[in-house]
Amino acid sequence: MISRTLAAIFAVGLNISAATAQEFPERQLTLIVPFPAGGPSDALGRAVAQAMAAHLKQSIIVENVGGASGTIGLTKLLKAPADGYSLGFGTIGTHVANVAFYKRLPYDPTADFEPVGLAGMASTLLVAKSDLPASNLHEFVTYARANRDKLTYGSAGVGSISHYACVLLLSNLKLNITHVPYRGVAPAMNDLMGGHVDFMCDQTTTALPQVLGGTIKAIAALSDQPLPQAPQISTAAAAGFPGVKLRSWNAIFVRRGTPVPVRQKLNDALRAALADPDVVRQMTAVGVELPRGADLEPGAVSALIAEGLEHDVPVLRAKGEYLD
């Protein structure tokens, strides 16, 4: 009798879940972007949210909940119901770097969230002040090894993509250079343009416009493939460093426990958004690579997180810089 009762309850639960998923979404959704408005993650999040909303036939409000390297926004997502109406825009920073830089991270990037899918990726550029005497990565390494005690690199702050990328790069090159953290990428970039710091590692979305404008110089694309938007920038591989491949990524997440059919509907909407010609045109122009093929599966996000936790977090922790 007990087993029949449990089976009946289980069947009712499945029917309710299926009905809920079939009707989803019945109202407005919210995408929490855990960074201030106007940044590269915000721009991508808004473009994707608008296109997803058209597919779902429900509006998606973008809510910027910045602060503490994205932890405030993701903590808000953690407190929302696991029903698919609250989405979070996570990054390589929120789901990998924060594990290294926070001694007490208020969420578990793998246990607390489920990936809906990748929204975009961006290559990283090593950029320098315009008068730095190096034009490719090989020349940069030679110069840096001879001048390591007086060189400095800027970043948007401990735990930022620009910090993450430079820590991994310098570890790979076996260089120890003084870090100068700023409160955001804009002041860091301004000081790089003014020659107050010597170099930075940053996403193409923010660094490439300054390179093309001539205010800073590109040393290398930290990848093995040339940038489609700027093929004249030499790659790390071309300079003899094929292992230097650093890409940031953005992905959409929901609370763990969100029904599978709901997650599938959201993934379908994300795929539609990433195929939208306006989104493709807008993002490609600023150096964002949109996922295709197997990278559209939620498992691709899980694989990126697992790889970062295994390979990058130990290197970042060895730096000994923490946010709490």
Side-chain angles (χ1 to χ4, degrees), residues 69 92-93 96-103 105 123-185 187-204 206-207 210-211 216-224 233-248 307-324:
S69 298
I92 191 174
V96 178
N98 283 354
V99 174
F101 293 126
Y102 277 88
K103 295 179 180 178
L105 192 63
S123 295
T124 306
L125 291 178
L126 171 60
V127 293
K129 61 183 183 180
S130 57
D131 60 351
L132 192 81
S135 57
N136 59 48
L137 190 55
H138 178 75
E139 293 177 359
F140 173 84
V141 171
T142 301
Y143 180 79
R145 285 175 177 164
N147 298 275
R148 67 183 74 198
D149 293 335
K150 64 181 182 180
L151 287 179
T152 59
Y153 74 92
S155 82
V158 173
S160 65
I161 298 300
S162 50
H163 178 226
Y164 182 120
C166 263
V167 170
L168 294 184
L169 171 67
L170 295 174
S171 174
N172 190 290
L173 300 178
K174 296 179 173 54
L175 286 168
N176 186 24
I177 305 295
T178 300
H179 175 215
V180 182
Y182 291 81
R183 292 189 175 184
V185 70
M189 188 62 72
N190 285 338
D191 266 13
L192 180 65
M193 290 187 288
H196 304 298
V197 291
D198 296 294
F199 65 93
M200 281 181 64
C201 304
D202 202 16
Q203 301 174 78
T204 51
T206 50
Q210 302 301 332
V211 170
I216 57 175
K217 69 190 305 184
I219 301 296
L222 303 182
S223 65
D224 54 0
I233 299 175
S234 65
T235 65
F241 299 92
V244 177
K245 293 185 285 187
L246 305 172
R247 288 199 306 174
S248 64
E307 181 182 9
L309 294 178
E310 180 181 358
H311 298 291
D312 296 351
V313 165
V315 176
L316 298 173
R317 280 181 173 157
K319 186 66 176 175
E321 297 180 84
Y322 295 100
L323 287 161
D324 64 349

Check: So which heavy atom on Val127 is nearest to which on Ala207, and how close?
Finding: CG1-CB, 4.2 Å

Notebook entry, point to check: Roughly how far, to the nearest 0.5 Å, is CG of Leu192 from OG of Ser155?
Noted result: 12.0 Å

Margin query: Quick check: do Asp224 and Thr235 have side-chain heavy atoms less than 4.5 Å from each other?
Written below: no

Next item on the list: Working to the nearest 0.5 Å, report the span between CZ of Arg148 and CG of Leu173.
Entry: 10.5 Å

Next item on the list: Determine whether Asn190 and Tyr182 make a side-chain contact, defined as any pair of heavy atoms from C-beta on separated by less than 4.5 Å.
Entry: no

Could you pull out all donor-acceptor pairs under 3.5 Å where a side-chain atom in residues 239-248 meets a protein atom, sequence neighbours excluded?
from   : atom 1 : to     : atom 2 : distance (Å)
Arg247 : NH1    : Glu289 : OE1    : 2.7
Ser248 : OG     : Ala122 : O      : 3.4
Ser248 : OG     : Gln203 : OE1    : 2.9

Next item on the list: Could you grab the distance from atom CE of Met193 to atom CD of Gln210, nearest 0.5 Å is fine?
Entry: 4.5 Å

Next item on the list: Hey, could you give me the CD1/CG distance between Ile219 and Leu132, rounded to the nearest 0.5 Å?
Entry: 5.5 Å

Next item on the list: With sequence neighbours left out, write down each residue that passes salt bridge (Lys or Arg N to Asp or Glu O under 4.0 Å) with Lys319, or none if nothing qualifies.
Entry: none

Check: If you take all heavy atoms of Ala188 and Val197, which pair is closest and at what distance?
Finding: O-CG2, 4.4 Å

Next item on the list: Enter the distance from Asn98:CG to Leu105:CG here, rounded to the nearest 0.5 Å.
Entry: 5.5 Å

Notebook entry, point to check: Got a sec: does the CG of Asn176 have more than 12 other heavy atoms crowding it under 6.0 Å?
Noted result: no

Next item on the list: Please name all residues satisfying salt bridge (Lys or Arg N to Asp or Glu O under 4.0 Å) with Lys217, sequence neighbours left out, ordered by chain then number.
Entry: none

Next item on the list: Identify the two heavy atoms, one from Ala144 and one from Leu175, that lie closest to each other, and give their separation to 0.1 Å.
Entry: CB-CD1, 3.8 Å

Note to self: I'd like to know whether Lys150 forms a side-chain contact (heavy atoms from CB on, under 4.5 Å) with Asp198, so could you lay out the CA-CA distance, the side-chain angles of the two residues, the decisive distance to 0.1 Å, and finally the verdict.
What the structure shows: CA-CA 9 Å; Lys150 64 181 182 180; Asp198 296 294; over 6 Å; no

Notebook entry, point to check: Which pairs count as ring-ring contact (aromatic ring centres under 6.0 Å, His included) when at least one residue sits in residues 124-144, sequence neighbours excluded?
Noted result: Phe140-Phe199

Tabulate below the donor-acceptor pairs under 3.5 Å that side-chain atoms of residues 163-171 make, not counting sequence neighbours, or state none.
from   : atom 1 : to     : atom 2 : distance (Å)
His163 : ND1    : Gly159 : N      : 3.1
His163 : NE2    : Glu321 : OE2    : 3.0
Tyr164 : OH     : Asp312 : OD2    : 2.5

Notebook entry, point to check: Checking side chain to side chain contact (heavy atoms under 4.5 Å, CB included) against Met200, which of Val185, Thr206, Leu125, Ile216 comes through?
Noted result: Val185

Check: Between the main-chain N or O of Cys201 and the side-chain N or O of Thr124, is there a donor-acceptor pair closer than 3.5 Å?
Finding: no

Margin query: Can you list everything that forms a side-chain contact (heavy atoms from CB on, under 4.5 Å) with Ser135? Sequence neighbours excluded, please.
Written below: Glu139

Check: Can you name the nearest heavy-atom pair linking Val211 to Ala218, along with the distance?
Finding: CG1-CB, 3.8 Å

Next item on the list: Could you tell me whether a side-chain N or O of Arg145 sits under 3.5 Å from a main-chain N or O of Lys174, the two making a donor and an acceptor?
Entry: no

Item checked: Between OG1 on residue Thr178 and OH on residue Tyr153, distance to nearest 0.5 Å -> 9.0 Å

Margin query: Show the nearest heavy-atom pair for residues Asp202 and Ser162, with the distance to one decimal.
Written below: OD1-CB, 3.9 Å

